[in-house]
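What follows is one structure encoded as structure tokens, with my remarks underneath.
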Amino acid sequence: MIIGAGSVGIEFASIFSRFGTDVTVVEMLPRILPLEDPEISQEMQKLLTKQRIKFHTQAKLEELKIKDEKVEALIADGNGETHKILAEKSSDSCRRRPVTDEIGLDKLGVETTRGFISVDKNMQTNIPGIFAIGDVVPTQALAHVAFT
Ligand SMILES: Cc1cc2nc3c(=O)[nH]c(=O)nc-3n(C[C@H](O)[C@H](O)[C@H](O)COP(=O)(O)OP(=O)(O)OC[C@H]3O[C@@H](n4cnc5c(N)ncnc54)[C@H](O)[C@@H]3O)c2cc1C
């Protein structure tokens with residue numbers, strides 16, 4: 001079971017499905033790949049459904065627990081009804097966050113907001129001479145954004 005049908009979730013759903021795993025994707029929003037054009041979402045879902053991936057859109061994960069070494073997920077659909085999904089493993093593809101809390105930024109006085117390092121237009125932090133780039137700053141978490 002993959003939680004989150006953004007680019008990372010769909011990438012992994014496709015990979016595991018091609019390895020022969022039965023994959024179920026759970027997405028809170030009405031369509032997969034919600035940042036893409038609706039036509040892309042629709043065509044991708046058709047294509048991946050042919051590849052035997054199951055989709056639950058407008059399905060909010062309410063609870064996740066391990067029972068008898070299996071994952072048991074409770075999801076609420078758009079009508080507020082709750083369904084149970086059982087899976088061998090689950091992957092959370094929607095909660096990437098910067099891991100900056102234990103690297104001593106506080107000792108240096110570097111400002112962060114919800115873990116993201118605050119920078120100016122030159123990527124300099126509030127401490128002169130200390131710069132930050134990549135997913136730790138509040139820009140789009142993409143490789144080409146990380147190094148530009
Ligand atoms: C599954 C997936 C698919 C993606 N696909 C795309 C894509 O198709 N196109 C795209 O543009 N972007 C993609 N991204 C996003 C892209 O990978 C990131 O935006 C990019 O890697 C950010 O670069 P970074 O250098 O900030 O961080 P990272 O590439 O994550 O590099 C940080 C490195 O620092 C190491 N590290 C962390 N903490 C410490 C520490 N305390 N001490 C020492 N080392 C540490 C980590 O182990 C890691 O190797 C994808 C991301 C994921 C997760």
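Numbering of ligands and ligand atoms starts at 1, following listing order. Any value given below was found using the heavy atoms of this structure, including those in side chains, with hydrogens, waters and symmetry copies removed.
When only interatomic distances are considered, the shortest N/O to N/O separation between Phe12 and ligand 1 does not fall below 3.5 Å. Close N/O approach between Val136 and ligand 1 is not found [any backbone or side-chain N/O within under 3.5 Å].
Side-chain N or O atoms of Asp92 include one that pairs as donor or acceptor with a backbone N or O of Cys94 at under 3.5 Å. Between the side chain of Ser41 and the backbone N or O of Ile32, at least one donor-acceptor pair lies under 3.5 Å. Checking side-chain atoms of Glu27 against main-chain N and O of Leu29 turns up a donor-acceptor pair under 3.5 Å.
Nearest protein heavy-atom neighbour of atom 52 (C) of ligand 1: Val8 CG2, 3.9 Å. Leu142 CD2, 5.0 Å is the protein heavy atom nearest to atom 7 (C) of ligand 1. Nearest protein heavy-atom neighbour of atom 23 (O) of ligand 1: Ala146 CB, 3.7 Å.
The presence of a protein heavy atom under 4.0 Å from atom 41 (N) of ligand 1 is confirmed. For atom 3 (C) of ligand 1, the nearest protein heavy atom lies under 4.0 Å away. Atom 15 (C) of ligand 1 lies below 4.0 Å from at least one non-hydrogen atom of the protein.
Each of the following atoms of ligand 1 lies closer than 4.0 Å to a heavy atom of Gly134: 26 (O). Residue His144 approaches ligand 1 through these ligand atoms, each under 4.0 Å from one of its heavy atoms: 11 (O). The contact set between ligand 1 and Ala141, taken as ligand atoms under 4.0 Å from a residue heavy atom, comprises 15 (C), 19 (O).
Side-chain contact between Phe55 and Leu48 is present, with heavy atoms from C-beta onward closer than 4.5 Å.
In the displayed structure, Asp68 atom CG is contacted under 6.0 Å by at most 12 heavy atoms of other residues, nucleotides or ligands.
Under 4.0 angstrom from ligand 1, the non-hydrogen atoms of Glu11 all belong to its side chain. In Ala143, the parts holding a heavy atom less than 4.0 Å from any atom of ligand 1 are both the side chain and the backbone.
Of the listed residues (Gln140, Arg96, Arg97), just one forms a side chain to side chain donor-acceptor pair (under 3.5 Å) with Asp135, and that residue is Arg96.
For atom 22 (C) of ligand 1, the nearest non-hydrogen atom from the set Asp135, Ile103, Ile133 comes from Asp135.
For residues 99-112, no pair satisfies side chain to side chain donor-acceptor pair (under 3.5 Å), with sequence neighbours left out.
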